[in-house]
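Below is one structure, written out as structure tokens; comments come after it.
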Amino acid sequence: MAAMSDLFQQLAPKGAEYSAKDIEVLEGLEPVRRRPGMYIGGTDDRALHHLVAEVLDNAMDEAVAGHASWIELELAVDGICTVRDNGRGIPIDPHPKFPDKSALEVILTTLHSGGKFGGDAYKVSGGLHGVGISVVNALSDKLVVEVARERTLYTQSFSRGLALGPLEKVGAVQNRRGTTVMFHPDPQIFGERAHLRPGPLYRLARSKAYLFRGVQIRWKCDPLLLKEGDEFPAEETLHFPGGLTDFLRAVLKDRPLITRDEFQGIAPLADDMGQVEWAVAWPDDDEDGFVNTYCNTVPTPEGGTHEAGFRNALTRGLRAYGDMANNKKAAQITAEDVMVGACIMVSLFMRDPQFQGQTKEKLASPEATRLVENAIKDRFDHWLSGDKASAAALLGKLVDRAEDRLRRRQAKEMNRKTPTKRLRLPGKLADCSRSLNVGTELFLVEGDSAGGSAKSGRNRETQAILPLRGKILNVASASVDKLRQNQELKDLMEALGCGFRESYDDDKLRYEKIIIMTDADVDGAHIASLLMTFFYQEMPDLIRNGHLYLALPPLYRLSHGQTVVYGRDDAHKEELLKTVFANKKNVEISRFKGLGEMPPAQLKETTMDPSKRVLLRVTIPSGRTEEDHEEAKEVARLVESLMGRKPELRFQFIQERAKFATDLDV
């Protein structure tokens with residue numbers, strides 16, 4: 001308690017004042033620039049491209065409302081993005097609450113301003129909070145808006161959320177109306193090397209064209225931005241009268257289906273709340289499926305209540321059809337059986353939707369589940385009844401899948417309790433005592449020394465330890481024969497018990513968490529990289545299902561008197577010296593050479609105790625959306641470059657990034 005008391009005394013130095021002058025009031029768009037993550041989810045590449053989505057969504061809202069028939073999306077070589085539509089144009093008359101400003105300037109410089117909070121301006125829209133275009137303005141070092149209304153052209157320029165001058169009347173124009181927004185993302189926010197890429201923008205434009213069959217989207221980018229192998233053109237007019245069905249057929253191409261046709265359609269929602277469009281197919285192969293959902297043309301990659309309603313409609317419809325066909329096994333079918341392997345597109349248009357966060361990645365409107373399910377269920381029942389041969393084939397496939405799932409579940413506990421299974425476990429594995437895998441963890445540690453400390457500091461009921469000798473084989477550059485002959489990897493696969501590659505079975509995994517625990521130095525990072533490469537190549541589903549983690553052991557121990565704290569790295573050490581040990585002299589700093597030299601009690605406290613430790617979960621793109629598929633390709637390319645058989649690719653990677661390297665630990 002004395003040490004804890006001293007710690008808090010150091011965190012609150014004597015004489016520190018806290019008064020009214022310490023309270024900041026952020027005005028205008030300054031909150032957006034201070035905390036962009038609250039509005040666009042961060043400052044990474046995905047957040048950068050989200051700026052374009054915000055502007056494009058406004059143009060799409062005009063199209064969905066019936067006021068625009070085409071939208072132009074253009075990317076210039078200097079990184080300036082232009083979105084143009086032939087809608088009504090942003091109002092330019094003085095705003096009633098701010099008579100000295102036009103409505104356009106209020107919308108661009110004020111959070112929570114817009115025409116989508118109520119009234120009749122928009123029946124349905126992707127914009128809800130009145131922050132989208134103002135956030136883009138705040139995070140752009142240059143933004144110009146042109147509005148053509150009533151045969152007159154107006155323009156106004158902005159920079160970093162501030163108007164550079166008043167609204168200007170350019171003059172008369174003929175055969176032109178609508179809004180044009182030209183902006184350049186601010187390098188102060190996103191970094192000097194950040195730039196908009198044509199690939200994600202083209203896919204964004206194409207998805208919007210599929211989502212609303214009444215709009216024509218004209219895509220254009222500077223030819224200098226195209227690279228060899230890019231799968232998109234410099235110019236294209238995107239228009240799909242068939243909507244989601246056109247997209248599904250384009251993606252499926254010649255893949256065989258279990259049913260004769262896809263299940264697709266459009267249906268109104270009850271109480272005049274909007275409408276839902278869908279297209280779903282069940283391919284008769286072993287390739288992965290996908291689920292792409294949207295609300296008011298806004299992508300919802302994390303799904304939400306509309307996806308739940310669609311899932312309920314299909315699942316309950318198939319169970320009911322099975323009951324009608326006297327197939328009692330149909331009652332075993334779950335939503336998981338229905339959705340796995342299916343290729344699904346769902347687009348909902350509804351009034352006043354509620355999303356989780358400004359980036360709108362998940363729909364949260366509770367009524368959407370009921371509305372979507374009721375709109376689709378009867379139509380699905382008719383579709384099944386109208387083609388009994390296809391319905392029987394689909395039902396048979398899903399019943400087989402359900403029975404297989406139940407068999408795996410029943411065998412799950414048996415696998416851990418079988419005596420012969422335990423006899424085959426590697427001898428150096430210190431296994432846990434719990435029979436089920438729920439709550440269990442396997443720590444992969446480097447060397448017998450670290451393994452000894454970990455074994456002494458572990459919770460024997462739930463934590464198992466597998467020491468690995470040295471650096472394991474790099475599976476990305478090794479042959480299959482070398483992989484099979486490598487004893488360390490054989491021990492690891494036997495300990496996991498879930499198989500690998502095509503034979504991988506997640507239900508047979510003997511531990512809930514696999515934790516890579518290596519030293520906090522370059523060698524430890526290299527071993528962790530080799531292990532992550534092994535799991536990525538041989539057991540990718542183990543990563544996708546959230547089982548793989550990295551432990552974060554400390555690199556430093558700092559002590560002064562009875563106060564002892566641990567530093568993760570050099571930066572954290574310096575932070576602790578300036579805060580916890582401020583004004584303290586003769587602070588004792590020791591650097592751990594490895595986990596093996598840490599006493600078991602310290603290793604448990606800092607790295608193994610679930611209530612105190614910090615773990616990093618390893619993830620790879622899930623493949624749910626087309627963007628995820630593109631990210632998966634990029635991950636595969638990066639792994640091949642850094643870990644594959646071609647050293648020249650690694651050399652090229654190092655040369656391109658050497659100038660950014662600082663504080664090398666060599």
Side-chain angles (χ1 to χ4, degrees), residues 42-49 75-79 185 187 190-203 221-234 446 470-483 486 489 501 516 518-540 543-544 548 550 569-571 616 618-623 626-666:
T43 56
D44 57 6
D45 186 70
R46 186 184 290 266
L48 174 69
H49 289 81
L75 181 62
V77 72
D78 58 1
F190 299 99
E192 294 292 339
R193 291 186 292 154
H195 62 278
L196 294 170
R197 295 181 288 115
L201 299 191
Y202 173 78
R203 290 189 292 273
C221 77
D222 194 296
L224 295 175
L225 296 173
L226 299 181
K227 299 178 181 178
E228 186 177 353
D230 283 343
E231 299 178 353
F232 51 87
E446 50 175 311
K471 296 178 180 177
I472 70 163
L473 183 71
N474 181 5
V475 298
S477 61
S479 65
V480 176
D481 290 337
K482 283 190 175 181
L483 173 61
N486 186 272
L489 294 181
R501 298 237 172 163
I516 300 172
T518 59
D519 295 342
D521 56 16
V522 172
D523 283 337
H526 188 199
I527 294 172
S529 299
L530 292 169
L531 283 167
M532 286 190 288
T533 302
F534 165 77
F535 285 111
Y536 176 77
Q537 294 279 93
E538 305 300 321
M539 304 178 187
I543 303 178
R544 290 192 186 98
L548 187 62
L550 293 175
D569 48 33
D570 291 315
L616 290 179
V618 181
T619 63
I620 55 178
S622 63
E626 186 181 11
E627 193 67 30
D628 278 346
H629 284 298
E630 293 298 322
E631 289 184 11
K633 291 180 182 178
E634 179 62 21
V635 171
R637 187 197 64 76
L638 190 60
V639 172
E640 178 59 27
S641 297
L642 298 181
M643 310 298 291
R645 300 185 182 184
K646 297 181 179 180
E648 61 271 20
L649 295 180
R650 284 188 286 278
F651 183 66
Q652 179 184 349
F653 183 91
I654 293 170
Q655 279 192 316
E656 291 174 351
R657 292 159 176 79
K659 59 184 177 182
F660 305 113
T662 58
D663 298 327
L664 295 178
D665 183 6
V666 294

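These numbers come from a predicted model, not from an experiment.
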Contacts of type side-chain hydrogen bond (donor to acceptor under 3.5 Å, both in side chains), residue [X], not counting sequence neighbours:
X	result
Gln652	Glu656
Glu538	Arg501
Tyr536	none
Glu634	Arg637

Side chains of [X] and [Y]: closer than 4.5 Å at any heavy-atom pair?
X	Y	answer
Leu550	Met532	yes
Thr43	Leu48	no
Leu201	Cys221	no
Tyr202	Glu231	no

Just how far is it from atom [atom1] of [X] to atom [atom2] of [Y], taken to the nearest 0.5 Å?
X	Y	atom1	atom2	answer
Phe535	Leu531	CZ	CG	6.5 Å
Asn486	Asn474	CG	CG	11.0 Å
Leu196	Asp78	CG	CG	10.5 Å
Leu616	Ile516	CG	CD1	11.0 Å

So which heavy atom on [X] is nearest to which on [Y], and how close?
X	Y	value
Arg544	Pro621	NE-O, 4.0 Å
Pro185	Gly79	CD-O, 4.0 Å
Ala528	Thr518	CB-OG1, 4.0 Å
Leu225	Ala76	CD1-O, 3.7 Å
Ile543	Leu548	CG1-CD2, 3.9 Å
Met643	Leu530	CE-CD2, 3.7 Å

Is there a donor-acceptor pair under 3.5 Å between the side chain of Asp230 and the backbone N or O of Gly199? no

Closer than 3.5 angstrom, by distance alone: can the side chain of Glu446 be matched with the main-chain N or O of Asp519 as a donor-acceptor pair? yes

I'd like to check the side-chain contact (heavy atoms from CB on, under 4.5 Å) partners of Ser529; sequence neighbours left out, ordered by chain and number. none

Under the rule for side-chain contact (heavy atoms from CB on, under 4.5 Å), what residues qualify as partners of His195, not counting sequence neighbours? Arg197

Crowding at CD, Gln655 (>12 non-hydrogen neighbours, <6.0 Å): yes

Between Asp45 and His49, does the side chain to side chain contact (heavy atoms under 4.5 Å, CB included) criterion hold? Intermediate values first, please. CA-CA 6 Å; Asp45 186 70; His49 289 81; 3.1 Å; yes

